[in-house]
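Atoms within a ligand are numbered from 1 in the order they appear, just like the ligands themselves.
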Amino acid sequence: MKDTQQKHLWWQEGVIYQIYPRSYQDSDGDGVGDLQGIIHRLDHIQSLGIKAIWISPIFSSPMADFGYDISDYCGIHPLFGTMDDFDELLQAVHDRGMKLILDLVPNHTSDEHPWFKESRSSKDNPKRDWYIWKDANEDGSEPNNWLSVFGGSAWEWDEHTGQYYYHAFLKEQPDLNWRNPEVQEAMMDVMRFWLDKGVDGFRVDVMWHMIKDDQLRDNPVNPNYKAHQATYEKLIPAYSTDQPEVHDIVHKMRKVLDGYDERMMIGEIYLPIHKLMTYYGTDKNGAHLPFNFLLLSIDWDATEISSNINQYEGALPDGGWPNWVLGNHDQPRITSRVGKAQARVAAMLLLTLRGTPTIYYGDEIGMRDVPIPPDEVQDPQGLNMPGLNLSRDPQRTPMQWDNSENAGFSKSKPWLRLPEDYRRVNVKAQLEDEFSIYALYKRLIKLRQDEPALHVGDYRPVVASGPLLAYLRYTPDERFLILLNLSHKPCHFAPEHFNFEGTIVIDTLPEREGGTVSKHVSLSGDEGMIIRLKQS
Ligand code: NOJ
Ligand code: MG
């Protein structure tokens, strides 16, 4: 964990910001966000102190899964604009000293991708083996018991050629066969296409799905399945995901990136800590940042979080760089999970932990999940499994910019509705309010960027009790003590074996900033503070 002496790269020192492009800013009045819209809002992102922007897919797509079903990896969907718009965006991002990360979706294509159209045209088509085709069992049933994440069987019958194909997600998203070297090479070409343009990195979609068991064995039954869960949870995806050979593929992708200067790869991986760590690769030749989704899944409880941070820190391979996430386009928003007051504490946690933070757009103004009436649901996950409350629309609603019609997002009716309170909860209102969550985010990012102890310093847990989460971030020159009250009730920090003295630099109650504290300190409910310790 002695990382402070090394040279650090932009993706280690900086903060990443995720944009869901359909919902950031519409520039052409069709109610859907687009690339020109993002260009128009770069001031907001830059003034927040962001280093890198990750944009969810903007490529040619029939939009069965809102862009995660790609029909041309090197084309821009007209909804979002043109390749000229993309080039303009990339240039504008770079001109501001920021970086641009694209979403790469290598596990599956759209069923309208020319590769799949060829593949399904006949059994002896040269691209047949680019996807996962299998005969029916003798009784006509599916080749094995694998389930689709979006509900139902993962096998779709193709009448024309008389075989099944595998799709981990929608039937409109057939899985590529990554055991085929031609597939590998085709996707590496896609990477090179964007890297040659100057794109700074990729967030790789469902990295742990990319290779499946070569014998396609049945997945075991999950004994802990509960009726309120998605049907996918009925089985343990032991054979359909996280196969050992996936690391060879990740390594090959890494080699492509290493042919360029300071490019990077984030892996989307939902796995337990010890499995997640394997995606750093042996000798760190895998993903630069396997996404760490711990804070999305564990209880909002100080002991639980502290122990998970310790497990994560302890499991990191030598030199493996940590990272933290509070939300994304697939998960309920942090403000909806922990509430408005705790969302401020969560921001302080995200921005003071060791490792690269990724902020989901809108979280910087405390946007909440927006209730979407059943007849307005768009997300296939929600539509396919009605009643399970699995739609991801609520966390994908338009960015709330100001109090004008449609929140300044679009001149027309947005593709997803806005919340009733957007005239109060928006960027413009919060810019004028020094106590807003936006103001807090901005100051936390600035402090993090100004202080090596916070962006590259070491981490050490501090023993605390009850709802209090406490830790140190430090370099040889500077030490910060972070105290986070994860409850609504007041609490007291009076460590037995730790004598501290310092000044509060940022507090969720800004009235306390500048105050000195020593030996013990009381915190209000929902209060978090960063204390600069006096060097002894
Ligand atoms: C993960 C993406 O984040 C999600 O939005 C998408 O539906 C699936 N992968 C399938 O691509
Ligand atoms: Mg538009």
Side-chain angles (χ1 to χ4, degrees), residues 18-41 54-59 61-71 73 76-82 85-86 89 101-111 113 148-151 154 166-176 202-210 230 232 237 240-241 266-271 291 293 296 325 327-332 358 360-361 378-385 390-396 398-399 406 408-416:
Q18 180 192 356
I19 290 181
Y20 195 66
R22 294 180 71 86
S23 293
Y24 205 57
Q25 175 67 55
D26 176 24
S27 72
D28 58 359
D30 62 357
V32 180
D34 43 51
L35 295 175
Q36 282 298 334
I38 298 175
I39 295 173
H40 179 68
R41 294 300 186 179
W54 151 37
I55 321 182
S56 286
I58 47 171
F59 315 107
S61 162
M63 294 283 166
D65 188 20
F66 294 108
Y68 283 96
D69 50 321
I70 297 173
S71 53
Y73 285 90
I76 303 291
H77 194 297
L79 255 183
F80 298 121
T82 62
D85 294 324
F86 176 79
L89 171 64
I101 298 168
L102 287 186
D103 218 303
L104 185 74
V105 188
N107 178 69
H108 46 268
T109 68
S110 160
D111 62 343
H113 194 294
S148 156
V149 177
F150 289 152
Y166 173 70
H167 58 92
F169 297 89
L170 297 175
K171 67 177 186 337
E172 292 84 1
Q173 294 168 295
D175 280 48
L176 283 160
F202 299 104
R203 170 270 191 190
V204 180
D205 194 65
V206 295
M207 191 179 256
W208 84 114
H209 273 262
M210 286 174 68
Y232 181 71
S240 50
T241 63
I266 309 172
E268 186 207 17
I269 301 146
Y270 285 89
L271 286 175
F291 255 146
F293 295 135
L296 300 178
V325 172
N328 62 41
H329 63 294
D330 296 326
Q331 304 294 333
T358 300
Y360 185 48
Y361 87 94
Q378 313 247 2
D379 177 24
Q381 181 167 283
L383 291 170
N384 288 3
M385 293 177 276
L390 289 174
S391 169
R392 299 167 295 179
D393 292 336
Q395 58 264 31
R396 296 175 175 182
M399 181 70 173
N406 302 324
F409 165 72
S410 174
K411 288 195 215 60
S412 316
K413 187 174 176 243
W415 76 286
L416 281 175

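Considering only non-hydrogen protein atoms, atom 2 (C) of ligand 1 sits nearest to Asp205 OD1, 3.1 Å. Protein heavy atom at the shortest distance from atom 3 (O) of ligand 1 is Asp330 OD2, 2.5 Å.
When atom types are taken as modelled, the side chain of Gln173 and the backbone of Thr109 share no donor-acceptor pair closer than 3.5 angstrom. Judged by distance alone, the side chain of Thr241 and the main-chain N or O of Trp208 form no donor-acceptor pair under 3.5 Å. No side-chain donor-acceptor contact under 3.5 Å links Asn406 to the backbone of Gly408. Under the 3.5 Å distance criterion, the side-chain polar atoms of His167 are matched with a main-chain donor or acceptor of Leu170. A donor-acceptor pair under 3.5 Å is formed between the side chain of Gln378 and the backbone N or O of Trp415. At least one donor-acceptor pair closer than 3.5 Å links the side chain of Asp69 to the backbone N or O of Ala64.
Partner Tyr68 forms a side-chain hydrogen bond (donor to acceptor under 3.5 Å, both in side chains) with one of Ser56, Ser110, Ser61 and no other, that one being Ser56.
Less than 4.0 angstrom separates some heavy atom of His108 from each of these atoms of ligand 1: 10 (C), 11 (O). Using a 4.0 Å cut-off to heavy atoms of His329, the atoms of ligand 1 that qualify are 2 (C), 3 (O), 4 (C), 5 (O). When each atom of ligand 1 is checked for a heavy atom of Phe150 under 4.0 Å away, the hits are 7 (O). For ligand 1, the atoms sitting less than 4.0 Å from at least one non-hydrogen atom of Val206 are 1 (C), 9 (N), numbered in the order shown with element in parentheses. Distances below 4.0 Å separate heavy atoms of Arg203 from the following atoms of ligand 1: 2 (C), 3 (O). Per-residue contacts place Asp65 under 4.0 angstrom from the following atoms of ligand 1 (heavy atoms of the residue considered): 6 (C), 7 (O), 8 (C), 10 (C), 11 (O). Applying the 4.0 Å criterion to heavy atoms of Arg392 picks out, from ligand 1, the atoms 4 (C), 5 (O), 6 (C), 7 (O). Ligand-side atoms of ligand 1 in range of Arg396: 5 (O), range being under 4.0 angstrom from any heavy atom.
Partners of Ser240 according to the side-chain contact (heavy atoms from CB on, under 4.5 Å) rule, which considers only residues two or more places apart in sequence or in another chain, are Trp146, Tyr166, Asn219, Pro237.
The two residues Pro106 and Leu104 come nearest to each other via the heavy atoms CD-O, 3.1 Å. Smallest separation of non-hydrogen atoms from Phe59 and Tyr73: CD2-O, 3.7 Å. The shortest heavy-atom contact between Asp330 and Arg396 is OD1-NH2, 3.1 Å.
Counting only protein N, O or S atoms, the number found under 2.8 Å from the Mg ion (ligand 2) is 5.
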